[in-house]
Amino acid sequence: MSQLRSRSYALLLSLFAFVLTLGPGGATLLGQSLPPELAQYAYADMILYNGKVLTVDDKFTIAQAVAVRDGKILAVGDSALIQKLAGPKTDRIDLRGNTLTPGFIDAHSVGAEGSHAPAGPYWMKNYTSTQCTVLDDCLRKIKAGGDKAPPGEWVFVNLTRTGAAYKLNLQLLDSIAPNNLLVVNLDNTTAFVNSKTLETLKDDMSDEHVLAGLFVDKDGKFNGRVTGSAYGILSYEIIPFPEGKALEEMIQIETIRRKFINRMGVTTMGGRTSGLTVSILREIQRRGEMPMRLRMHTEVPRLNPRTERWLKRLGNLMDVGDEWFKIGGATIDSIDGGGGNFTRKAQREVSDTGFDAFGQNKWAETVRPGMDWKKYGDYQIGLTAAKYGWNVADLHVQGDAGVELTLELFDEANKQSPVKGRRFGIVHGLMRPPDLAKRLAVYDAALSMSSEYLFRGDYVEELVRKYGADDVAGYSPIRSLIDFGAKPVMEVTNTTRWRAGGGMMDRTRIRLDQGAAPYELGRESGKFFDDQNLYLNSMELFVTRKNMESGKVWGPNERVTRAEVLKMATAWAARYSADEKIMGTIEPGKLADFVILGGDYLTVPEDKISDLPILKVILGGKVTYDKDRDEAWYQAESKKTKQYQYRE
């Protein structure tokens with residue numbers, strides 16, 4: 001913006017503020033009092049009027065209209081006044097009584113599918129995903145996954161973690177894949193490898209942190225189980241990046257994914273990101289095809305034994321970027337997993353989890369038994385990142401004991417340098433210690449919550465089996481957190497048909513067919529891309545707390561209002577990336593990111609919130625999705641999906 005344009009924009013804001021003090025009768029002064037040389041800058045680029053504008057400001061003010069100039073909100077008020085700012089070239093959108101909200105912010109999505117390193121390189125041609133419960137069956141399926149791979153190529157098998165999977169070892173894998181680099185991935189911290197893959201770690205074995213992640217047998221020889229820092233080096237640094245056509249496929253696929261996510265009303269996405277994720281999303285943005293803003297928590301420290309060296313080279317890049325693309329901080333490894341394998345305080349023996357009575361603790365299991373996991377694991381890595389000025393956020397934790405350990409890390413980090421104001425953050429936090437809200441408040445830390453675990457039939461059934469119905473009813477205690485003064489953030493759930501986040505297609509291969517548009521999208525069940533109202537569905541579930549399959553309401557005393565859940569998706573979500581000054585509410589000076597809903601969000605029945613159609617999505621004052629204009633393309637693209645089954 002030129003100096004004149006900057007001055008005129010500031011003057012326009014001042015004049016409009018003066019007009020507002022005069023009231024509607026004074027609005028006519030605006031056009032009469034501007035000097036001719038400022039007339040070209042006087043009008044709004046866009047006005048939206050005759051609607052129900054939910055500003056989500058501190059008072060939850062409801063207005064009728066909004067004016068936009070240079071990608072930002074110029075004014076908010078009644079329709080008659082805002083229409084005075086329209087000029088001959090102003091885009092005019094008649095809301096026709098419909099609802100306008102701030103753009104939705106998905107604060108915890110992992111990024112580019114298939115580039116989230118520990119989850120598995122889906123782009124590899126020798127990749128497969130399978131499950132087994134008997135060792136011989138596991139070996140058969142692993143062998144089938146690499147049978148067609150030429151000698152010397154990588155073979156990657158994503159295997160559901162079961163007791164049988166933990167019986168794998170170096171010798172067994174050597175017997176079925178002696179000539180390939182084989183990785184059998186169990187989750188995002190543990191894999192079993194053969195001798196050829198183990199050889200790639202040879203140069204790193206002088207590092208005691210790497211050795212801590214290489215398990216040994218009773219004779220002290222490596223047994224093929226790779227975890228912790230050893231796994232981090234293997235998955236992030238040694239397994240090759242996609243190149244050429246494979247990389248271009250990922251870029252094209254991610255471009256389409258972003259369009260579908262934006263269609264849900266999402267204007268900003270954030271989350272933990274690998275180097276490949278950053279590269280892919282940055283390239284989409286460079287091409288001018290990114291329909292949303294991005295907030296990244298880098299995985300540079302995650303499972304990285306050389307974190308201190310890396311951060312000395314990088315310097316503190318926290319908050320480096322702009323309103324479109326920003327590094328929000330750093331993240332480390334998850335402390336526990338999903339599917340009910342949580343780090344629990346209360347002892348409860350569950351025989352089929354593969355863990356002890358207190359559940360899973362990934363920070364502990366990523367070092368060999370007998371070694372100090374706080375010294376050699378991601379607990380210490382998190383402290384190192386904090387030492388060099390990075391906030392530590394996107395910490396995946398479910399169990400109450402896991403939350404306690406995470407808060408302990410915050411306490412230790414605070415002893416090095418003040419944590420408050422750096423926006424440390426926890427994601428999920430399904431089970432909470434009684435004083436969670438109080439302890440988060442001490443550091444102004446953020447907490448995002450998922451509706452997935454209580455409101456999806458198979459998940460909640462597993463939780464009840466493991467922990468009991470009375471215990472489960474108190475999970476995701478959002479009402480209690482808000483009543484204390486916390487401002488939790490909403491996570492998008494995958495309880496409907498499409499998950500707008502990383503790992504969302506963990507059983508999927510996506511590819512191009514001879515250079516054509518992306519056509520094959522694997523899906524686990526039901527619909528896939530054609531569920532537009534996923535984000536609204538998540539909001540509805542927090543309001544009703546009703547399980548989608550059974551209809552049972554879990555913990556009705558923890559329900560939130562529709563106004564509160566909208567804050568969780570907008571204003572409070574902006575806090576997660578320290579963007580509350582520029583986005584999350586509809587107020588003058590903030591970014592013009594909006595969603596137009598077809599109906600009245602505040603009066604539609606609670607169980608019909610997700611039925612509200614999304615009519616338009618606006619990003620920086622530009623329409624990125626228009627139902628009337630664009631829906632035919634989305635429907636056509638959705639029909640290109642094909643079912644992808646486990647490869648046997």
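Remember, it's a predicted structure, so these values are computed and weren't measured experimentally.
With T90 contributing its side chain and R92 its backbone, the two residues share no donor-acceptor pair below 3.5 Å. Looking only at distances, a side-chain donor or acceptor of N391 sits under 3.5 Å from a matching main-chain atom of R423. R295 places no side-chain N or O within 3.5 Å of a backbone atom of G271 that could act as its donor or acceptor partner. Side chain of R96 to backbone of N50: no donor-acceptor contact under 3.5 angstrom is found. The backbone N or O of G555 sits less than 3.5 Å from a side-chain atom of R545, completing a donor-acceptor pair. A donor-acceptor contact shorter than 3.5 Å links the side chain of D57 to the backbone of T61. T585 places no side-chain N or O within 3.5 Å of a backbone atom of T55 that could act as its donor or acceptor partner. Listed for the N98 side chain is a donor-acceptor partner under 3.5 Å among the backbone atoms of G599. Of the possible donor and acceptor atoms, none in the side chain of Q64 sits under 3.5 Å from a partner among the backbone N and O of G51. Within the 3.5 Å criterion, the main-chain N or O of L615 finds no donor-acceptor partner in the side chain of Y625.
Salt bridge present: E606 and R559 bring a charged side-chain N and a carboxylate O closer than 4.0 Å. Salt-bridge check for R479 with E564: passed, with a basic side-chain N closer than 4.0 Å to an acidic carboxylate O. Salt-bridge formation is detected for the pair R287/E248: a Lys NZ or Arg NE/NH1/NH2 atom is positioned less than 4.0 Å from an Asp or Glu carboxylate oxygen. Between E289 and K259 no salt bridge is recorded (no basic side-chain N to carboxylate O distance below 4.0 Å). Using a cutoff of 4.0 Å between basic side-chain nitrogens and carboxylate oxygens, D593 and R293 are scored as salt-bridged.
Rounded to the nearest 0.5 angstrom, Q285 CD and W324 CH2 are separated by 8.5 Å. Taken from CD1 in I327 to OG1 in T298, the straight-line distance is 7.0 Å, to the nearest 0.5 Å. Of the inter-residue distances, the one linking I256 atom CD1 with I261 atom CD1 reads 12.0 Å to the nearest 0.5 angstrom. Interatomic distance, CG of L536 versus CE of M539, reported as 6.0 Å (0.5 Å rounding).
Closest approach of M449 to F542, counting heavy atoms only: O-CZ, 3.5 Å. Residues I73 and L591 approach most closely at CD1-O, 3.8 Å, considering heavy atoms. Contact between R69 and Y43 at its shortest, heavy atoms only, is NH1-O, 2.6 Å. Scanning both residues, H297 and A393, for their nearest heavy atoms gives NE2-CB, 3.6 Å. Scanning both residues, G584 and I105, for their nearest heavy atoms gives CA-CD1, 4.2 Å. A pairwise comparison of heavy atoms in N262 and M292 identifies N-CE, 3.8 Å as the closest pair.
Other residues, nucleotides and ligands contribute over 12 non-hydrogen atoms within 6.0 Å of the CG atom of D322. Atom NZ of K487 sits in a sparse spot, with 12 or fewer heavy atoms from other residues, nucleotides or ligands closer than 6.0 Å.
Ring pair Y634/F260 is perpendicular by interplanar angle, where above 60° counts as perpendicular and below 30° as parallel.
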>> Could you walk me through whether E558 and Y475 satisfy the side-chain hydrogen bond (donor to acceptor under 3.5 Å, both in side chains) test, starting with their C-alpha distance in whole Å, then the side-chain angles of each, then the deciding distance to 0.1 Å, before giving a yes or no?
In response: CA-CA 9 Å; E558 294 293 346; Y475 293 174; over 6 Å; no

>> Apply side-chain hydrogen bond (donor to acceptor under 3.5 Å, both in side chains) to residues S577 and K326 and explain how you reach the verdict.
In response: CA-CA 9 Å; S577 56; K326 187 177 80 169; 5.1 Å; no

>> Let's go through T331 and E299 carefully: what are the C-alpha distance in whole Å and the side-chain angles of both, what is the deciding distance for side-chain hydrogen bond (donor to acceptor under 3.5 Å, both in side chains) to 0.1 Å, and is it a yes or a no?
In response: CA-CA 5 Å; T331 190; E299 291 186 330; over 6 Å; no

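Proximity of Y49 to D94: side-chain heavy atoms (C-beta onward) are separated by under 4.5 Å at one or more points. Side chains of V595 and L100 form no contact here, defined as non-hydrogen atoms less than 4.5 Å apart. When side chains are defined from C-beta on, D45 counts as touching D70, because their heavy atoms get closer than 4.5 Å. Counting only heavy atoms from C-beta outward, the side chains of E631 and D628 never approach each other to under 4.5 Å. Considering only heavy atoms from C-beta on, L54 comes within 4.5 Å of L566 through its side chain. Between T544 and V553 there is no side-chain heavy-atom pair separated by less than 4.5 Å. In this structure the side chain of V66 reaches within 4.5 angstrom of the side chain of F594, judged on heavy atoms.
Separation of the H108 and H428 ring centroids falls under the 6.0 Å cut-off.
Residues that satisfy the side-chain hydrogen bond (donor to acceptor under 3.5 Å, both in side chains) test with Y443, not counting sequence neighbours, are D411.
Just one of R575, R439, R422, K420 meets the salt bridge (Lys or Arg N to Asp or Glu O under 4.0 Å) condition when paired with D444; it is R575.
No side-chain donor from either of D483 and S480 sits under 3.5 Å from a side-chain acceptor of the other.
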